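Counting from 1, the numbers follow the sequence of the chain as shown. Note that these values count all heavy atoms, side chains included, but never hydrogens, waters or copies made by symmetry. Since the structure is predicted, the reported quantities are computational estimates derived from the model, not experimental observations.
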Amino acid sequence: MGIYRFGDFELNEDSRALRLAGREVEAQPLVFDFLAILLRHQDRAMSKDELLETLWPGVTVTEASLQRVASLARGVLRQGGMETTLRNLPRFGYRICLDQLAALDNRPADASGKPSSPGSSILSARSAVAGRKWHEAAASFAKADAADELLTADFEEWALALECMGRPAEAIPLLARAVTAYGVAGERLRAASPAITLARIHLERGELAVAKGWHKRAAQLIDNAADSREHGLWCWMGARIMGAEAEPEQALALAELAFAVGKSLEDPVVESLGLIYRGFFKLCLGETKAGQEDQDFAAALGLSSDVDPVVGGILYCNILWACRNFGDWARANQWTLGYEDWCRGHGLEDLSGSCRLHRAEVLGVLGTLKEAEALVRAALDQLALDAPWATGDALRVLGDIHLAAGEFTEAETAYRASHAAGWDPQPGLALLQLEQGQAEAAFSALERSLVGNGWPTLQRRGMVLATLAKVAARTNRPERAKEVIAELETQPQRWPTASIRALTAEAKAELFIQEERLTEAARELQIACSRWNEIGSPINVADARLSLAALLIQLGDRTGAELELGTALAVARKVDSSRLMRRYEELTGLLAGAKKEALG
């Protein structure tokens, strides 16, 4: 048993106390024991087997438990700017390195090197980061910067706090300072990490050229360190850039490399980021099941490893973008609810613009239209700060919400604004044009939407194709309708989601109606109703039921038509959709006329 002093920390094994600048720091018992063991054997590395046997004697636990303890220990050390002293040795174990270079952590040339005093701004800032109090952390870092107390690593933590507050633009100069400071200290490899973060922030701001510049700078800093964590992150960022440049095959290859590096290093951050984008680009290239499996596993891997809020947000948002593009609403709802809980647990008081957008579209599909509209408008304000490239998609979602409510003028305004922002507002705009009697315009627009190799085009292809089949039938293009339906139905593994299958059934019904095969059309609409019910989309269910009611009236099944109309009416009233009410009233009048004719 002994007393170990390192940096501003003091660990006393006898009293089981861990202090930082004289103030006791909370540490879970296993975390305390983990640090004590490494400090006791600081002259060598400790294998995983040794650590598992010492921390859990006689108990069988997985390496994931050890990774969790190490992650928590690193969080404790971060409060004193000493997280880099804990080294993960891939495929072996851990070591704590207290050599002078690691202990001083590359202080800027004018930093004092003296232990920080209790209550100092820098210790308050680090403590706030550990406690996920991002506003408090940012304010304390600013004070510490004015007092010249920051280490180079503190610039990155300060930038993280600002990103978690939804202010990534303010993080840019801090990360640039970190790149410079690491470079001056000769730590070129460490300088690559903030350079990659800068590439990510600029990419999310829609500044592709700047992102590519920082990505190339990171490559220069990494040089030949192909087995490093930084190289894994560089590959992941390269995958995102290739995706933005509509090169999905190259993007997939880079994501594979990132995943391989992360797995080799047993680094959950790099591994989960590589895996999430491997799944993302598999989805783009038609490997739907494999892509979904990659994404779900990546989220479970990353979030069980105590990743920081930015990485966690990337994992969640990536899955949700894919769910929304594929119309995978049931899965999107599950992940969205989980994301909101995760945000609250990580000190993210204000949801990001992307999170608000995800939730808004899900609420719109579930029929909560007013709440969905309010949320997407809030998302638009936030996206201007943290992801302006997604503004066009938010406007598309706003158009879909107005369309569902029957507010056609507002829907058209939103769709036009989405197009002006550089986004393709399909298939919503085509559905609006159908409502307005512009079927030819809808057909042409949907055909154009299938052109291109960008990830939104590739991932939304199923939704666009199914809508195109319906419009092709309405515009007397039966061969094109059959061709599209065949593409959807002969690749069930590529288009497995209930929403795409429901839309395909509606398209087949349209085709049968044009061919006057009303009984078969009614059967397809019943399938569509079942599929829409499966994902809990009442507005789509009501639309399908109203179409089914119209067919039943033609077939003379007035009782069946009344049943479908009654169910659709309940939905129209619940979601407050004037469009559904108009359709209901038209069909009610048609049914009444059919009854009179039958009586006559």
Side-chain angles (χ1 to χ4, degrees), residues 28 30-31 34-35 38 45-49 51-52 55 61-78 83-96 129-130 132 153 156-157 160 163-164 189-190 192-193 196-197 200 225-240 254-280 293-319 335 338-339 342-343 345-346 348:
Q28 294 182 12
L30 279 171
V31 173
F34 176 75
L35 289 171
L38 292 177
M46 298 284 290
S47 72
K48 293 177 184 177
D49 290 340
L51 289 165
L52 289 169
L55 292 170
V61 296
T62 65
E63 290 184 8
S65 299
L66 182 59
Q67 290 175 358
R68 171 69 175 169
V69 170
S71 177
L72 292 172
R74 189 171 279 110
V76 170
L77 295 174
R78 187 178 292 120
E83 71 275 13
T84 58
T85 62
L86 179 56
R87 306 285 174 83
N88 175 17
L89 306 176
R91 297 179 295 280
F92 182 76
Y94 294 88
R95 182 178 184 180
I96 199 158
V129 168
R132 297 163 179 161
E156 294 179 88
E157 295 295 307
L160 172 64
E163 283 204 79
C164 291
L189 189 58
R190 288 195 68 183
S193 183
I196 293 166
T197 304
R200 173 180 58 77
D227 59 347
S228 65
R229 180 178 197 269
E230 289 76 9
H231 182 247
L233 291 172
W234 183 86
C235 290
W236 159 70
M237 196 63 235
R240 295 190 63 176
L254 283 168
E256 280 274 16
L257 280 174
F259 170 64
V261 172
K263 188 174 182 180
S264 172
L265 296 176
E266 297 180 356
D267 186 317
V269 170
V270 179
E271 187 176 355
S272 60
L273 288 174
L275 190 58
I276 200 81
Y277 274 89
R278 187 178 80 173
F280 187 86
E293 289 175 352
D294 276 357
Q295 290 195 319
D296 290 337
F297 175 54
L301 169 66
L303 299 173
S304 64
S305 305
D306 197 34
V307 298
D308 68 58
V310 171
V311 173
I314 290 170
L315 297 176
Y316 266 123
C317 285
N318 191 283
I319 289 178
W335 278 113
Y339 185 26
W342 189 86
C343 285
H346 284 73
L348 301 179

I314 side chain reached by R240 side chain, heavy atoms, under 4.5 Å: yes
Is any side-chain heavy atom of W236 closer than 4.5 Å to one of V270? no
Would you compute the distance between atom CZ of F280 and atom CG of L275 and round it to the nearest 0.5 angstrom? 14.0 Å
Taking every non-hydrogen atom, the tightest pair across A258 and G274: CB-CA, 3.8 Å
What are the two closest heavy atoms between Q295 and I276, and how far apart are they? O-CD1, 3.5 Å
Taking all atoms of both residues into account, what is the closest heavy-atom pair of A225 and L189, and its distance? CB-CD1, 4.0 Å
How long is the span from the OH atom in Y94 to the OG atom in S47, to the nearest 0.5 Å? 12.0 Å
If every non-hydrogen atom of L35 is compared with every non-hydrogen atom of L77, which pair is closest and at what distance? CD2-CD1, 4.1 Å
Should the heavy atoms of other residues, nucleotides or ligands under 6.0 Å from NZ of K48 be counted, would the total exceed 12? yes
For the pair E256 and R278, find out whether any cationic side-chain nitrogen is under 4.0 Å from an anionic carboxylate oxygen. yes
Any idea which heavy atoms bring L257 and C235 closest together, and the distance? CB-SG, 3.9 Å
Hey, does L86 have a side-chain heavy atom less than 4.5 Å from the side chain of L38? yes
What's the shortest heavy-atom distance between C164 and V310, and which atoms? SG-CG2, 4.5 Å
Beyond-backbone contact of F259 with E271, side-chain heavy atoms, under 4.5 angstrom: yes
Let me confirm one number: the CG-CD1 distance from D296 to I319, rounded to the nearest 0.5 Å. 5.5 Å
So do L315 and L301 actually touch side chain to side chain, heavy atoms under 4.5 Å? no
Candidate list D267, V261, N88, test side chain to side chain contact (heavy atoms under 4.5 Å, CB included), partner R229, passing option: D267
Look up atom CD in E156 and atom CZ in R190, then write down how far apart they are to the nearest 0.5 Å. 6.5 Å
Would you say the side chain of L66 lies within less than 4.5 Å of the side chain of F34, judging by non-hydrogen atoms? yes
